[in-house]
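Accompanying notes for the structure given below.
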Amino acid sequence: MENLKKRIEQIKNKRPGYGEILDFYQKVKEAQDKVKTSLKIDPIYLKEDWKELLAKEGFSLLQKQDFSIDVKASVALFETLCQIAKAANPHMAGQVRIIKEVIDNKRIDLKKLLKEGVGEQKIEKIADESGLDKKVFSFLIQNSAKPSIEAGMEQLRGELDPETWLKGYCPMCGSLPSLSLLKEEVGKRYLFCSHCGYQWRIDRLFCPFCENNDQESLHYFYGEGEETHRIDFCDKCHQYIKTIDYRNLQESDPILEDLATLHLDILAIQKGYKRPVPNPWTT
Ligand SMILES: [Zn+2]
Ligand SMILES: [Zn+2]
């Protein structure tokens with residue numbers, strides 16, 4: 001947490017405009033870290049033939065709904081996140097009020113929703129039915145379950161080899177990556193799972209979304225005056241992924257680095273590219 005705070009101060013000095021969103025992020029992270037110390041997670045049992053399925057069929061180890069969720073801790077965290085969101089800005093405050101009303105009127109069973117696993121489609125459907133802002137609702141639900149999901153991922157980390165999977169989706173849970181990371185002097189490239197946070201190796205020239213590896217149609221640009229954050233885009237599927245270049249940056253939280261470079265997303269979108277896994281914090 002100390003390193004996170006330091007990095008947030010550093011970014012705020014350079015780009016004061018990010019102050020509000022980074023302060024919000026810090027509060028959410030603090031609440032999530034607190035929950036992590038007392039989490040009770042049931043062990044996740046793997047299918048007997050998982051090794052075979054993984055190697056031959058390219059199936060991920062789990063599916064999103066297979067993660068064990070500590071429902072009690074997640075509900076408590078949901079309450080805390082609602083308080084933090086309320087204080088963040090008027091739009092969120094208004095949304096939190098509506099969400100709370102819907103839950104209090106038992107139109108949504110929060111416990112059941114958290115327990116059954118929190119796929120985006122399901123959350124969107126419920127938000128639609130109850131007239132909620134999808135992004136705010138999804139943000140609150142996903143971030144309430146996140147400590148459990150990350151703990152599950154840590155529990156199974158030893159089952160996988162991050163260096164050999166080389167596919168565009170997460171070997172742990174099958175989700176798409178939200179970011180790509182360049183590491184070590186040689187610039188090994190990794191993808192960062194948008195759901196469970198697992199990281200796995202990928203080729204330097206590869207679009208995770210359409211598996212394009214033709215160098216003529218894969219390009220990137222760095223932010224102005226920056227050599228640590230860039231946009232890797234693909235002219236075949238017209239989608240992009242943000243890359244954090246840790247060769248010139250001290251180890252830090254990828255999600256924070258993503259949040260602090262939303263200006264790069266704006267540039268990429270202006271150039272006509274789409275981000276398949278949107279930044280969940282931009283509500
Ligand atoms: Zn994953
Ligand atoms: Zn592509």
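Whatever order the structure lists them in is the order used to number ligands and atoms, beginning at 1. Remember, it's a predicted structure, so these values are computed and weren't measured experimentally.
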Next item on the list: Considering only NZ, NE, NH1 and NH2 on the basic side and carboxylate oxygens on the acidic side, decide whether Arg107 and Glu101 come within less than 4.0 Å.
Entry: no
Next item on the list: To the nearest 10 degrees, calculate the angle at the Zn ion (ligand 2) involving SG of Cys237 and SG of Cys207.
Entry: 110°
Item checked: SG (Cys173) to the Zn ion (ligand 1) to SG (Cys196) angle, given to the nearest 10 degrees -> 120°
Next item on the list: Have a look at the Zn ion (ligand 2) and estimate, to 10 degrees, the angle subtended by SG (Cys210) and SG (Cys234).
Entry: 110°
Note to self: Between Lys134 and Asp128 (salt bridge meaning N to carboxylate O under 4.0 Å), is one present in this structure?
What the structure shows: yes
Next item on the list: Give a yes or no on whether Cys193 keeps an N, O or S atom under 2.8 Å from the Zn ion (ligand 1).
Entry: yes
Item checked: Lys/Arg-Asp/Glu bridge criterion (N-O < 4.0 Å) met for Glu150, Lys36 -> yes
Next item on the list: Take the angle between the ring planes of Tyr169 and Trp165 and call it parallel below 30°, perpendicular above 60°, tilted in between.
Entry: perpendicular
